[in-house]
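The structure appears below as structure tokens.
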Protein chains: 2
Amino acid sequence: MKAEIISVGTELLLGKTVNTDTTIIALELSRIGIDLLHACTVGDNPQRLKEAIDLALSRSDILITTGGLGPTADDLTKETLAKAAGKKLVLHKESFLRLQKQFPSLAMTPDQEKQAWLPEGAYVLLNDNGTAPGCAFETEDGKLIMMFPGPPSELEPMLKNYAVPYLLKDTREVIVSHNVHVFGKGEGPVANMIADLLESSNPTVAPYAKEGEMFVRVTAKAENEKAADEMCAPIIEEIKRRVGNFVYGVDCDSLEKLVVNLLNKQHKTIATAESCTGGLLAKRITDISGSSAVFETGCVTYANKTKEMLLGVPHETLEAHGAVSYETAKAMAEGIVKLSGADIGVGITGIAGPGGGTPEKPVGLVYIGISDGKNTYVKARKPFSRLKNREWHRHVSASDALDMVRRYLTGLPVIE
Amino acid sequence: MKAEIISVGTELLLGKTVNTDTTIIALELSRIGIDLLHACTVGDNPQRLKEAIDLALSRSDILITTGGLGPTADDLTKETLAKAAGKKLVLHKESFLRLQKQFPSLAMTPDQEKQAWLPEGAYVLLNDNGTAPGCAFETEDGKLIMMFPGPPSELEPMLKNYAVPYLLKDTREVIVSHNVHVFGKGEGPVANMIADLLESSNPTVAPYAKEGEMFVRVTAKAENEKAADEMCAPIIEEIKRRVGNFVYGVDCDSLEKLVVNLLNKQHKTIATAESCTGGLLAKRITDISGSSAVFETGCVTYANKTKEMLLGVPHETLEAHGAVSYETAKAMAEGIVKLSGADIGVGITGIAGPGGGTPEKPVGLVYIGISDGKNTYVKARKPFSRLKNREWHRHVSASDALDMVRRYLTGLPVIE
């Protein structure tokens with residue numbers, strides 16, 4: 001099965017938008033063993049889109065398009081594809097009713113209704129996060145065409161929840177993937193630790209970089225899920241054995257989800273005191289539905305006077321060591337525990353950049369403290385690359401704090 | 001001048017790497033007035049690469065490739081391109097010497113030396129951040145071919161410092177785009193308000209959805225930037241006239257950037273008290289480098305007891321009206337002003353979901369208060385879609401709060 005993606009949108013060719021849709025789809029296709037051989041981008045131009053479609057249908061078995069399904073005049077993908085595939089567009093009643101149900105307050109203009117017109121006989125891919133449904137249909141000569149909306153927040157769940165099951169419906173084989181998540185060791189070093197495993201064919205083992213962390217994906221093909229899982233299990237164990245405490249979980253969505261689950265299980269609460277991360281850590285904890293049981297209080301103490309006022313960081317500490325220091329991180333972690341009464345307090349202070357760096361305290365230097373009221377652990381994150389930006393420093397500092405909490409809650413050395 | 005990009009690399013088709021190279025190049029090309037009409041991705045496969053090259057040379061004036069210039073065996077771009085263009089590869093002495101000078105520690109294996117072999121007569125694009133030089137050369141029938149290394153950290157400076165100056169000698173037209181940013185009206189409704197403008201050809205006018213907001217892009221072609229700007233100006237004014245107070249800016253990156261700039265200009269400070277957004281608003285404000293001048297204090301008061309303890313929300317208010325209420329949002333906004341001494345306080349409380357909704361207080365109901373200590377404005381956000389998710393409710397609630405602050409600071413009705 002050879003697949004091809006056509007991304008539709010002038011914004012992509014003007015550099016206004018990064019094409020993450022292609023990456024999201026590519027990752028899923030490779031997971032389920034479909035070869036993606038081409039990915040093209042064309043603007044909102046019917047003629048060039050038609051040429052791209054004709055070429056794709058001439059060389060690929062599956063054509064996937066992203067974008068151009070919206071209500072506006074330059075959303076032309078559906079019309080152009082239907083014409084190229086010799087299909088009429090018909091009003092899909094359920095999609096129309098769903099549109100009305102989903103968006104009671106939505107003025108159902110002809111433009112809005114246009115989104116419920118789909119190629120005749122198409123299988124509808126529900127859009128749980130937006131208005132335009134996707135769909136899948138076959139051409140006369142048996143090529144499969146799938147259409148997705150452009151916004152990643154709409155495309156990704158549609159792909160995983162509806163399109164992938166549809167793609168797998170005829171295959172007898174099942175494909176099972178498990179991700180071994182690692183924090184504190186990069187893609188390169190981990191790849192070296194498991195170089196021999198990367199050679200195996202079924203299960204396949206592949207390393208992936210993820211912002212500030214990495215994961216190893218183990219994928220097995222078998223006649224049923226249980227058999228595939230049994231093929232993955234020993235490989236996963238071997239990876240955990242080699243990478244050790246840096247493995248934070250298997251198939252857990254994120255460090256924040258893992259930490260919230262651990263806190264829930266242990267009936268513990270956490271509170272945050274953030275300077276350079278500016279609320280990002282609290283945001284990531286509260287991204288997790290149900291976090292209210294473990295998270296009650298967060299403070300963003302961006303200014304020194306706020307660190308003193310809310311957290312009781314001693315004025316002398318800030319004077320003597322500065323806001324970005326081991327001592328301040330320690331006082332912030334201990335202060336938020338006192339203030340909130342939580343079981344665990346986290347304090348983060350550092351220099352996210354781009355400004356504010358000095359030779360002694362360069363951009364990227366971040367101190368992270370975690371305290372349970374009795375013991376406090378403080379880690380200094382040293383910048384290892386001048387190429388990393390503010391967003392990266394903030395994200396990885398928050399991840400590092402979550403990983404320290406993970407280690408604390410599971411009885412591992414908090415700092416390694 | 002019609003340009004086309006071919007990105008070479010199997011990792012792009014496996015979803016291991018996001019193709020930011022195309023975005024970087026696209027942005028520069030549109031800036032200097034070269035039309036990018038196609039962008040394709042192929043794996044490290046000589047046959048498919050050759051097909052992509054032949055197609056590109058048949059329909060485009062400029063072919064730009066990224067990736068596949070490195071020392072390893074699967075780096076085949078140069079060989080394949082040279083063959084397709086009927087050029088011999090010759091050792092480029094200066095590049096070879098530069099390679100030795102740049103990387104004295106580099107073992108000059110035949111593989112490493114391979115990077116200094118370039119198509120005969122090629123113009124070399126220096127790589128100041130890596131080993132593989134890029135190059136530009138013309139085919140017999142006058143098509144321009146440019147090769148760039150894959151890593152963005154090598155490609156971007158090579159493009160801006162060497163390739164763009166090389167390209168500019170051939171170009172006359174420039175394209176200028178301006179984005180009119182709108183919050184509070186969606187892509188569909190705005191498209192209807194400016195339907196006639198969407199028809200125009202130069203400048204072109206196109207609406208784009210952005211998470212929870214939208215922008216209208218106005219793009220003009222002219223012989224120079226000033227002339228293009230003058231063509232855009234009246235259209236932009238007309239869009240602002242029709243969409244009114246919902247336009248929050250032109251070419252401003254984001255609501256948070258706009259608000260931080262307004263606060264800086266007016267020497268005002270802001271403080272945040274967040275429940276359902278869980279720190280996201282503080283995070284977005286502190287995403288902006290330099291926000292420390294206007295943001296000192298944020299509280300994430302997720303639990304009722306924290307709302308009482310930190311913000312002084314009366315116990316009776318929480319008892320009588322609940323945490324998600326007009327009265328609580330008002331008390332939170334006023335409380336954070338008192339606590340922080342900031343000029344403006346924001347309080348957000350709501351139900352982000354997926355759990356916690358009731359018929360009276362459904363998921364997506366959010367109350368946003370902003371207070372200057374004297375006056376307090378409270379807005380109720382009613383969910384317009386039952387199918388937006390937690391992340392969306394949180395993001396748009398934070399955006400709405402920022403928009404209310406924008407309206408307050410610019411003397412517009414805070415609630416409209």
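Just so we're on the same page: letters track the sequence lines, and every chain starts at 1. Side chains are part of it too, since the values below use all heavy atoms of this structure and drop only hydrogens, waters and symmetry mates.
Proximity to chain B involves both the backbone and the side chain of A:E11, based on heavy atoms less than 4.5 angstrom apart. No part of A:P151 comes within reach of chain B, as not one of its non-hydrogen atoms sits under 4.5 angstrom from that chain. The contact between A:T301 and chain B is made entirely by backbone atoms, counting heavy-atom distances below 4.5 Å. Proximity to chain A (any heavy atom under 4.5 Å) is restricted, for B:E211, to the side chain, taken from C-beta onward. Contacts between B:N179 and chain A at a heavy-atom distance below 4.5 Å involve the side chain alone, from C-beta outward. Neither the backbone nor the side chain of B:L281 comes within contact range of chain A; no heavy atoms are under 4.5 Å apart. Using a 4.5 Å cut-off between heavy atoms, B:I288 touches chain A through its backbone atoms (N, CA, C, O) alone. Heavy-atom distances place no part of A:I285 under 4.5 Å from chain B, backbone and side chain included.
For the options A:S153, A:S275, A:P207, heavy-atom pairs under 4.5 Å to chain B are most numerous at A:P207. Counting heavy-atom pairs closer than 4.5 Å to chain B, the top residue among A:V42, A:V18, A:L37 is A:L37. Ranked by heavy-atom pairs shorter than 4.5 Å toward chain B, the options A:S7, A:G298, A:C299, A:S292 are led by A:G298. The most heavy-atom pairs under 4.5 Å with chain A, out of B:L12, B:I25, B:L14, come from B:L14. Ranked by heavy-atom pairs under 4.5 Å with chain B, the first of A:G9, A:A352, A:A3, A:C40 is A:C40. Of the listed residues (A:I6, A:T20, A:N304, A:T306), the one with the most heavy-atom contacts under 4.5 Å to chain B is A:T306.
With respect to the salt-bridge test (charged N to carboxylate O, under 4.0 angstrom), the residues B:K305 and A:E296 qualify. A salt bridge links B:D287 with A:R394: the closest approach of a Lys/Arg side-chain nitrogen to an acidic carboxylate oxygen falls below 4.0 angstrom.
Taking CZ of B:R59 as the start and CZ of A:R48 as the end, the distance is 9.5 Å to the nearest 0.5 Å. Here the OG-CE distance, from A:S340 to B:M309, works out to 7.0 Å after rounding to the nearest 0.5 Å. A:T23 OG1 to B:N19 CG: the interatomic distance, rounded to the nearest 0.5 Å, is 7.5 Å.
Closest non-hydrogen pair, B:G15 versus A:L27, comes out as O-CD1, 3.8 Å. When all heavy atoms are compared, the tightest approach of A:K283 to B:G279 is CB-C, 4.1 Å. Between A:S289 and B:G353, the closest heavy-atom pair is OG-O, 4.3 Å. Of all heavy-atom pairs spanning A:R390 and B:S291, the tightest one is NH2-OG, 4.2 Å. When all heavy atoms are compared, the tightest approach of A:H38 to B:L13 is C-CD2, 4.3 Å.
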Would B:N389 and A:D128 satisfy side-chain contact (heavy atoms from CB on, under 4.5 Å), going step by step from the backbone distance to the final call? CA-CA 9 Å; B:N389 63 14; A:D128 293 333; over 6 Å; no

Working note: B:T219 + A:T10, criterion side-chain contact (heavy atoms from CB on, under 4.5 Å); need CA distance, chi angles, decisive distance, verdict. CA-CA 11 Å; B:T219 305; A:T10 303; over 6 Å; no

Set out, in order, the CA-CA distance, both residues' side-chain angles and the distance that settles side-chain contact (heavy atoms from CB on, under 4.5 Å) for B:V300 and A:T272, then state yes or no. CA-CA 9 Å; B:V300 183; A:T272 56; 5.7 Å; no

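By the 6.0 Å contact criterion, NZ on B:K338 is open, its count of non-hydrogen atoms from other residues, nucleotides or ligands being 12 or less. Taking a 6.0 Å sphere around NZ of A:K114, one finds it holds more than 12 heavy atoms contributed by other residues, nucleotides or ligands. Summarising the local packing, CD of B:E51 is surrounded by more than 12 heavy atoms from other residues, nucleotides or ligands at distances under 6.0 Å.
Contact of the A:T41 side chain with the B:I5 side chain is not registered, since no non-hydrogen atoms from C-beta on lie closer than 4.5 Å. Side-chain contact between B:C276 and A:T286: absent, with no pair of heavy atoms (C-beta onward) separated by less than 4.5 Å. Taking the side chain as every heavy atom from C-beta outward, B:T297 and A:L310 approach each other to under 4.5 Å.
Sorted by first then second residue, the ring pair (Phe, Tyr, Trp, His ring centres under 6.0 Å) pairs that include residues 279-307 of chain A, not counting sequence neighbours, are A:F295-B:Y302, A:Y302-B:F295.
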